[in-house]
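The structure appears below as structure tokens.
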Amino acid sequence: MKKKKAIALSPEKQKEVYYRSVKFANKRVPLHRPSVERKFERYLTNFSFRKQQTYSLHKKAEQHLPKIAAILASYGIPEDFKYVPLIESDMNPQITSHKGAGGYWQFMPATARLYGLKVNGSVDERKDLIKSTHAAARYLKSLYKEFGDWTLVAAAYNVGGGSLKSSIRRQGTNDYYNLRLNNETGTYVYKLVSMKQVIENPHKHGYKRYAEMADKYQHINEQNLL
């Protein structure tokens, strides 16, 4: 009996069990593929406490994610999309990209207006968390009608639906993990999945101050992966 317990808690087994649990929008991430595993681990490391040396990610998640998740749920959007603003803007509504994308969800002005936000010289509703999240939910829903796959929706949110459709048509595959995309889009889902793991399993990734008595996939004798 003791021998079985030791095997069950071996680092290899711990990792295997944990990696089988990793999903995005209720779909398993294919971490059995070496290239997928490598990218995933790179961003897990980047978002770990060892690399960040701050609890700011968890503080922002605690403050904002419940509100975002509730709005997304009202539109039927998978909860995992609540991590998009953490990746896009670090929850800082004042950030504007060199292309002009702004606010929590980093909407371009034209897209923001298309989905119901006011963006002009005197008002910018991209900086309003509640209004911009409703707009993002409407946009995500429209992308799902186009692609029928939430992983592709995440990629399309980053690169644009037209560009992603061209890549799918040109390459003859609609598997995100097989598509050759620009670096930002090709790593986008990995960032979202890694952020989700770090927020949901704080102890495993070094955020001990935010850890519960037992994280979702953390055994009392388990060593942290990172």
Problem - Crowding at CG, Asn120 (>12 non-hydrogen neighbours, <6.0 Å) - result: yes
Completion exercise
Between Ala61 and Pro66, the two heavy atoms sitting closest are O-CD, 3.5 Å
Exercise for the section: Take the angle between the ring planes of Tyr207 and Phe49 and call it parallel below 30°, perpendicular above 60°, tilted in between. Expected result: perpendicular
Handout entry: N/O donor-acceptor pair under 3.5 Å between Gln106 side chain and Thr96 backbone
Key = no
Practice task
Could you pull out all residues at least two apart from Lys82 that satisfy salt bridge (Lys or Arg N to Asp or Glu O under 4.0 Å)?
Solution key: Glu79
Problem - Verify same cluster id: Val123, Met108 (apolar side-chain graph, 4.5 Å) - result: no
Practice task
Quick one: list whatever passes side chain to side chain donor-acceptor pair (under 3.5 Å) with Lys59, sequence neighbours left out.
Solution key: none
Completion exercise
Sequence neighbours excluded, the answer for side-chain contact (heavy atoms from CB on, under 4.5 Å) partners of Lys145 is none
Practice task
Name all residues meeting the salt bridge (Lys or Arg N to Asp or Glu O under 4.0 Å) criterion together with Lys39; count only those two or more places apart in sequence or in a different chain, and write none if there are none.
Solution key: none
Practice task
Could you pull out all residues at least two apart from Phe40 that satisfy ring-ring contact (aromatic ring centres under 6.0 Å, His included)?
Solution key: Tyr19
Problem - Interatomic distance, Glu200 atom CD to His205 atom NE2 [nearest 0.5 angstrom] - result: 10.0 Å
Handout entry: Leu57 side chain near Asp90 side chain, heavy-atom distance below 4.5 Å
Key = yes
Handout entry: Nearest-0.5 Å distance, CG of residue Leu65 to CG of residue Leu86
Key = 5.5 Å
Practice task
Return the set of residues passing side-chain contact (heavy atoms from CB on, under 4.5 Å) with Asn174 (not counting sequence neighbours), or none when no residue passes.
Solution key: Leu152, Ile168
Exercise for the section: Drop me the distance from Gln197's CD to Leu192's CG, to the nearest 0.5 angstrom. Expected result: 11.5 Å
Handout entry: Any Val198 side-chain heavy atom under 4.5 Å of His58 side chain
Key = yes
Fill in the blank from the handout: Gln53 meets the side chain to side chain donor-acceptor pair (under 3.5 Å) criterion, sequence neighbours left out, with none
Exercise for the section: Please name the pair of heavy atoms, one in Leu179 and one in Ser167, separated by the smallest distance, quoted to 0.1 Å. Expected result: CD2-O, 4.0 Å
Handout entry: Ser132: partners by side-chain contact (heavy atoms from CB on, under 4.5 Å), with sequence neighbours left out
Key = Tyr104, Trp105, Leu117
Practice task
Check the pair Tyr188 / Glu88 against side chain to side chain donor-acceptor pair (under 3.5 Å), numbers first and verdict last.
Solution key: CA-CA 10 Å; Tyr188 195 70; Glu88 287 284 349; 2.6 Å; yes
Handout entry: ILVMFWY cluster, Val159 and Trp150 together (side-chain gap under 4.5 Å)
Key = yes
Practice task
Assess whether side chain to side chain donor-acceptor pair (under 3.5 Å) is satisfied between Asn182 and Thr185, documenting all intermediate values.
Solution key: CA-CA 6 Å; Asn182 71 72; Thr185 308; 3.0 Å; yes
Exercise for the section: Mind checking the OG-CD spacing from Ser142 to Glu146? Nearest 0.5 Å is all I need. Expected result: 6.5 Å
Problem - Common cluster, Ile95/Tyr157, ILVMFWY with side-chain heavy-atom separation under 4.5 Å - result: no
Exercise for the section: Give a yes or no answer on whether the side chain of Ser97 reaches the backbone of Ala101 with a donor-acceptor pair at less than 3.5 Å. Expected result: yes
Completion exercise
Heavy-atom closest pair (Ala156 atom, Leu143 atom, distance to 0.1 Å) is CB-CD2, 4.0 Å
Practice task
Taking the side chain as every heavy atom from C-beta outward, state whether Phe107 and Tyr139 have any pair of such atoms under 4.5 Å apart.
Solution key: yes
Handout entry: Aromatic ring proximity, centroids under 6.0 angstrom, Phe24 and Phe81
Key = yes
Problem - Cationic N near anionic O, under 4.0 Å, Glu41 to Lys15 - result: yes
Problem - Parallel, tilted or perpendicular, as decided by the 30° and 60° cut-offs, for the rings of Tyr190 and Tyr176 - result: tilted
Practice task
For Thr187, check side-chain contact (heavy atoms from CB on, under 4.5 Å) against everything at least two apart and list the hits.
Solution key: Arg42, Tyr43, Asn183, Lys191
Completion exercise
d(Lys127 NZ, Ser89 OG) to nearest 0.5 Å is 12.0 Å
Let me check something: any side-chain donor-acceptor pairs from residues 68-77 under 3.5 Å, sequence neighbours excluded? List them with distances.
| unit_1 | atom_1 | unit_2 | atom_2 | d |
| --- | --- | --- | --- | --- |
| Ser74 | OG | Ile71 | O | 2.6 |
| Tyr75 | OH | His134 | ND1 | 2.8 |
| Tyr75 | OH | Arg138 | NH1 | 3.3 |

Exercise for the section: For Arg20, enumerate each residue passing the salt bridge (Lys or Arg N to Asp or Glu O under 4.0 Å) test, keeping only those at least two apart in sequence or located in another chain. Expected result: Glu16
Handout entry: Asp80/Lys23 salt bridge by N-O under 4.0 Å criterion
Key = no
Problem - Atom pair CG (Asn158) and OG (Ser163), whose distance is rounded to the nearest 0.5 Å - result: 9.5 Å
Practice task
Return the set of residues passing salt bridge (Lys or Arg N to Asp or Glu O under 4.0 Å) with Arg33 (not counting sequence neighbours), or none when no residue passes.
Solution key: Asp175
Problem - Within-4.5 Å side-chain heavy-atom neighbours: His64 and Leu129 - result: yes
Handout entry: Close side-chain approach of Leu140 to Tyr115, heavy-atom, < 4.5 Å
Key = no
Problem - Sub-4.5 Å side-chain heavy-atom contact between Pro109 and Arg126 - result: yes
Handout entry: Any donor-acceptor N/O pair, Glu125 side chain to Lys118 backbone, under 3.5 Å
Key = yes
Problem - Arg28/Val22 under side chain to side chain contact (heavy atoms under 4.5 Å, CB included): CA gap, chis, key distance, verdict - result: CA-CA 6 Å; Arg28 273 182 65 180; Val22 176; over 6 Å; no
Exercise for the section: Assess whether atom NZ of Lys131 is packed by more than 12 heavy atoms of other residues, nucleotides or ligands within 6.0 Å. Expected result: no
Exercise for the section: Can you see which heavy atom on Val119 is nearest to which on Ala112, and at what distance? Expected result: CG2-CB, 3.8 Å
Practice task
Kindly indicate, with the supporting measurements, whether the criterion side chain to side chain donor-acceptor pair (under 3.5 Å) is fulfilled by Ser35 and Tyr177.
Solution key: CA-CA 9 Å; Ser35 62; Tyr177 300 99; over 6 Å; no
